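Because the structure is predicted, anything quoted here is derived from the model rather than measured. Both ligands and their constituent atoms are indexed starting at 1 by order of listing. One-based numbering along the sequence shown.
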Amino acid sequence: MTAYEEFQGYFAELNDLCCVINLLTWDARTQMPPGGAAARGRQVATVTRLANERFVSDTTGRLLDAAEAEVSGEGPDSYRARSVAQAREAYTLLRRVPTELMSGIAELKMVAQQAWQEARAANDFGRFAPDLSRMVELNRRLAEAIGYQEHPYDALLQRYEPGMTAARLRGLFATLREGIAPLLARAAPGSEAVRADFLDRDYPEEQQRAFALEIAQAFGYDLNRGRLDRSAHPFEISFTRDDVRITTRYNRRYAPAALFGLFHETGHALYEQGVDPALARGPLTTDLLDLYAVGGTSYGTHESQSRLWENMVGRSRPFWQLHFAALQRHFPEQLTGVDAEAFYRAANRVRRSPIRVEADEVTYNLHIMLRVEIEMALLEGSLAVADLPAAWNAGVREYLEIDPPDDSRGVLQDIHWSTGLIGSFPTYTVGNVMAAQFFAAARRATPGLDTALARGDYAPLRGWLTENVYRHGRAYSPDELLNRATGASLDAGPYLAYLRGKYDDLFPPQA
Ligand code: ZN
C-alpha cells in the first residue's frame, strides 16, 4: 500500500463517521419521536468525539507527512495533492484549538438553543442574554486560537467561507447597499398594488408536494439517490453523493413558500449529487473543521446553488410562463382567474418586513448586513450583549425603515447564534452574489441557454454547473473556483445587474 492509499483509507473512515453524524441528524429532524432527543444528543456527541479524536491524532500527522512526500511533485489540479493540502490545513488549524474550548461550545449549544427557544416564545431577550454572552466569549477565544491578521471575525469566517475577511465584506456590502437602495425605493411602494390574494388560499400539502417534486426532477434531482421528507426547518443533507436528501415544510395558506423552499433545497442537492464519484469518502467531500460530510466547497458556494435554482431559475418569468399551467392543474380552484404573469408578480413582491426568512430578493441582503455588522461589533467588544436589542432595532430602522414589533420578531428571530454559528450569516449574501456570477458565466459559455430554460430544458445549465462547480467538490477555495469558472473574483456587478434587470422591469423607473 502506498502512503497516499493509507492516507485515503484513513480519511475514508473519517468520512464514514461524518456520514453517520449526518444520518443521525437527518433522523432527529425528520423521524425521531420527541422522547429520543436526549439519547440522540449523546449518540451524536459520541460519534463526533470519535471523529474528532481520530482527526487531530498523531496518526493523522504521520499519515499526512508520508502522503505529502508522495504527492509533492503533482500539479495544483491534482485531486490527490488537493486532498492532502486541505487535510493538512484543517489539521493544523484544529490542533491549535484547545479540546476543552470545542467541547465547551458543543455543550453550550445544547443549553443555548433551549434558552433561545424559550426567550423567543416569551418575547424575553433577558432569558437568552447570559448564554449569548457566553457564546460570544467562547467564539472570541476560538478566533484567538485560530488566529487572524486584522479582525477576529476573519478567523471565524475561515470556517464557513475561506478567504473571506471583514474588510472584504465591508466593501462588498457598501456596493450592494448603494445598488439596492433605489430599487427598494421603487419596488416597495410599487408592490402594494400587486395582486396577491390568491396566495392566501388553502393549498393542500399533497398537491404542493407533487408539483414541487415534478420541478425538482425537471431540474435534475435524482430520486434514485435522493428523497423528500417533511421537517420543521427545511434542509438538505447528504451521506455521499449517492444519498442526498431534502426536506420541506408545507404552509397551507401560502403555497409558494414551500415551493420556493423546495427549489432552494433542490439546488443544494444538485451540487451534492453532482460531485465527481472519485472524490467520495475523501477529504474533498468532508468539512474537516466541522466534521460534517459535504461536497460543496464553502457555505457561500453551496448557497449560490440553492439561490441560483430557487431565484434566478424558479422565480423568473420564463419559468412561470412555462410551469404555471401545471400548478393550476394541481390547484384549479385556488388559482381560478389567475394567470402566469399575475403569479410571477405576486411571487416577486418587495416588502419591508422585519423577518429575514420572509424577505424578497431586494431586501434579503439588508437583513444580512445588519446581522454581520452586529456580529462584528459583539466580537470586537464595541457592542455589549445587554445593548443588543436596542442596536438591533436601530439597525432595522436604518436598513429597512421600519420598527420590529417586538424582540421575538426582532433580535430573537434567528436560531444561528444559539447554535454557535457566528460568522455564517455573510455566506447567504456571498451566495447571492456568486449565483449571479455563475449564471452569467453559464449564459456566456452556452449559446441558447435562455431558449433551453424557457422550454424547460434544464440539462444545459445543470451541465455547465456540473462541469465548472459541482464535480470539483471541495477541491478549490471559493475564490479559485469562481476564477476558474467565471474568470473573476467575487464581484457584486453581475448580481446588481440581475436585480436591476428584474425589478426595473417589474417596477419601472419614472421617465
Ligand atoms: Zn440554503
Looking at every non-hydrogen atom in both residues, tell me the closest pair between Arg249 and Ser231 and how far apart they are. CB-O, 3.3 Å

Can you tell which of Tyr458, Trp309, Phe319 makes a ring pair (Phe, Tyr, Trp, His ring centres under 6.0 Å) with Phe263? Phe319

Taking both backbone and side-chain atoms into account, decide whether His302 has an N/O/S atom under 2.8 Å from the Zn ion (ligand 1). no

Could you tell me which N, O or S atom of His264 is nearest to the Zn ion (ligand 1)? NE2

For Asp450 and Arg443, what are the C-alpha separation, side-chain angles and deciding distance, and is it a salt bridge (charged side-chain N to carboxylate O under 4.0 Å, His left out)? CA-CA 8 Å; Asp450 286 305; Arg443 273 207 172 103; 2.8 Å; yes

Report the name of the N/O/S atom of Glu303 located nearest to the Zn ion (ligand 1). OE1

Quick one: salt bridge (Lys or Arg N to Asp or Glu O under 4.0 Å) pairs with a partner in residues 413-435, sequence neighbours left out? Arg356-Asp414, Arg371-Asp414

